[in-house]
Novice: 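Sharing a structure here in structure tokens format.
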Amino acid sequence: RERPDADHGPRGRADSLAIWKATSQWSFAASLDLAGQEEPGGGRAQWGGLALYARVAARDSKRAFTLRAEYYDDEDGAISGTAQTLRDVTATLELRPLDRLILKLEGRYDRSTAEAFAGDTLDAAGDAIRDRRDEALLLAGAVVTF
């Protein structure tokens, strides 16, 4: 969630990705993002992130497991809406029951330096209050390729 009036002024972004396929089963990657923009009232907001990936795939290419660690710094709250630094780890199990179908089960844990995640507490309007610094997610998904 971006801050109000965040769409004024120039915004720049640099994104780098390096991939190393160590073997036919193992691959590794690193991603670096740096960005910034002019603020409506003057000044400049900056944010950036780093991600590291390790993926192992079965020889038959029907199964794979990926582990990803990320670090994201949004000290001005320009993109996330909250001044914070986020760290997370994600584990993904990937299955290919058919050539064009990929099923994914993903577990993710996020930790913030700010109370950026909604808990079970509601305010007077019935909206969830962001009062937690961490969050765990379990996701299931399907991808169909063409």
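All figures in this text were calculated on a predicted structure; none of them were measured in a lab.
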Novice: Applying side-chain contact (heavy atoms from CB on, under 4.5 Å) to Leu86 and Glu70, what does each step give before you reach the verdict?
Specialist: CA-CA 8 Å; Leu86 284 165; Glu70 296 175 294; over 6 Å; no
Novice: I would like to know whether Thr113 and Glu75 meet side-chain contact (heavy atoms from CB on, under 4.5 Å); could you show each step before the answer?
Specialist: CA-CA 10 Å; Thr113 56; Glu75 67 183 39; over 6 Å; no
Novice: Could you check whether Arg133 pairs with Asp110 (Lys NZ or Arg NE/NH1/NH2 to Asp/Glu carboxylate O, under 4.0 Å)?
Specialist: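 No, this pair does not count.
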Novice: Looking only at heavy atoms, what is the nearest atom pair of Glu94 and Ile102, with distance?
Specialist: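 Glu94 and Ile102 have their closest heavy atoms at CG-CG2, 3.4 Å.
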Novice: Would you find more than 12 non-hydrogen atoms of other residues, nucleotides or ligands less than 6.0 Å from Asp60 atom CG?
Specialist: yes
Novice: Please walk me through it: do Leu138 and Leu105 pass side-chain contact (heavy atoms from CB on, under 4.5 Å)?
Specialist: CA-CA 7 Å; Leu138 182 62; Leu105 182 62; 4.0 Å; yes
Novice: How far apart are the closest heavy atoms of Gly119 and Ala128, and which atoms are they?
Specialist: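 That closest heavy-atom pairing would be O-CB, 4.1 Å.
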Novice: So which atom in Ala136 and which in Arg132 form the shortest heavy-atom distance, rounded to 0.1 Å?
Specialist: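 Of all heavy-atom pairs spanning Ala136 and Arg132, the closest is N-NH2, 4.5 Å.
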Novice: Let me confirm one number: the CG-OG distance from Asp33 to Ser16, rounded to the nearest 0.5 Å.
Specialist: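 Result: 8.0 Å between the selected atoms.
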Novice: Using every non-hydrogen atom in the two residues, find where Arg44 and Glu38 come nearest and quote the distance to one decimal.
Specialist: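 Answer, listing the atom of Arg44 first, then Glu38: NH1-N, 3.8 Å.
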Novice: side-chain contact (heavy atoms from CB on, under 4.5 Å) between Arg108 and Arg68: does it pass, once the steps are laid out?
Specialist: CA-CA 9 Å; Arg108 177 176 171 137; Arg68 179 177 74 234; 3.8 Å; yes
Novice: Quick one: name the residues clustered hydrophobically with Tyr109, using the 4.5 Å side-chain heavy-atom rule over I, L, V, M, F, W, Y, and just say none if it's on its own.
Specialist: Trp20, Trp26, Phe28, Val56, Phe65, Leu67, Val89
Novice: Do Gln84 and Tyr72 have side-chain heavy atoms sitting under 4.5 Å apart?
Specialist: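 No - every pair of side-chain heavy atoms lies 4.5 Å or more apart.
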Novice: Can you name the nearest heavy-atom pair linking Ala78 to Ala45, along with the distance?
Specialist: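 Closest approach of Ala78 to Ala45, heavy atoms only: CB-CB, 3.6 Å.
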Novice: Could you give the distance from CG (Leu93) to NZ (Lys104), rounded to the nearest 0.5 Å?
Specialist: 11.0 Å
Novice: Using every non-hydrogen atom in the two residues, find where Leu101 and Ala142 come nearest and quote the distance to one decimal.
Specialist: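 Minimum heavy-atom separation between Leu101 and Ala142: CD1-CB, 4.4 Å.
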Novice: Take a 6.0 Å sphere around CG of Asp99 and say whether it holds more than 12 heavy atoms from other residues, nucleotides or ligands.
Specialist: no
Novice: Return the set of residues passing side-chain hydrogen bond (donor to acceptor under 3.5 Å, both in side chains) with Glu106 (not counting sequence neighbours), or none when no residue passes.
Specialist: Thr92
Novice: To the nearest 0.5 Å, what is the distance between OH on Tyr53 and CD1 on Ile19?
Specialist: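 Here the interatomic distance stands at 9.0 Å.
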Novice: Quick check on Arg63: does its CZ atom have over 12 non-hydrogen neighbours (other residues, nucleotides or ligands) under 6.0 Å away?
Specialist: no
Novice: Taking atom CD1 of Ile79 and atom CG of Asp73, what is their separation to the nearest 0.5 Å?
Specialist: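 These two atoms lie 12.5 Å from each other.
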Novice: Do Asp76 and Gln37 have side chains that get closer than 4.5 Å, going by heavy atoms?
Specialist: no
Novice: Calculate, to the nearest 0.5 Å, the distance between atoms CG and CG belonging to Leu32 and Leu50 respectively.
Specialist: 6.0 Å
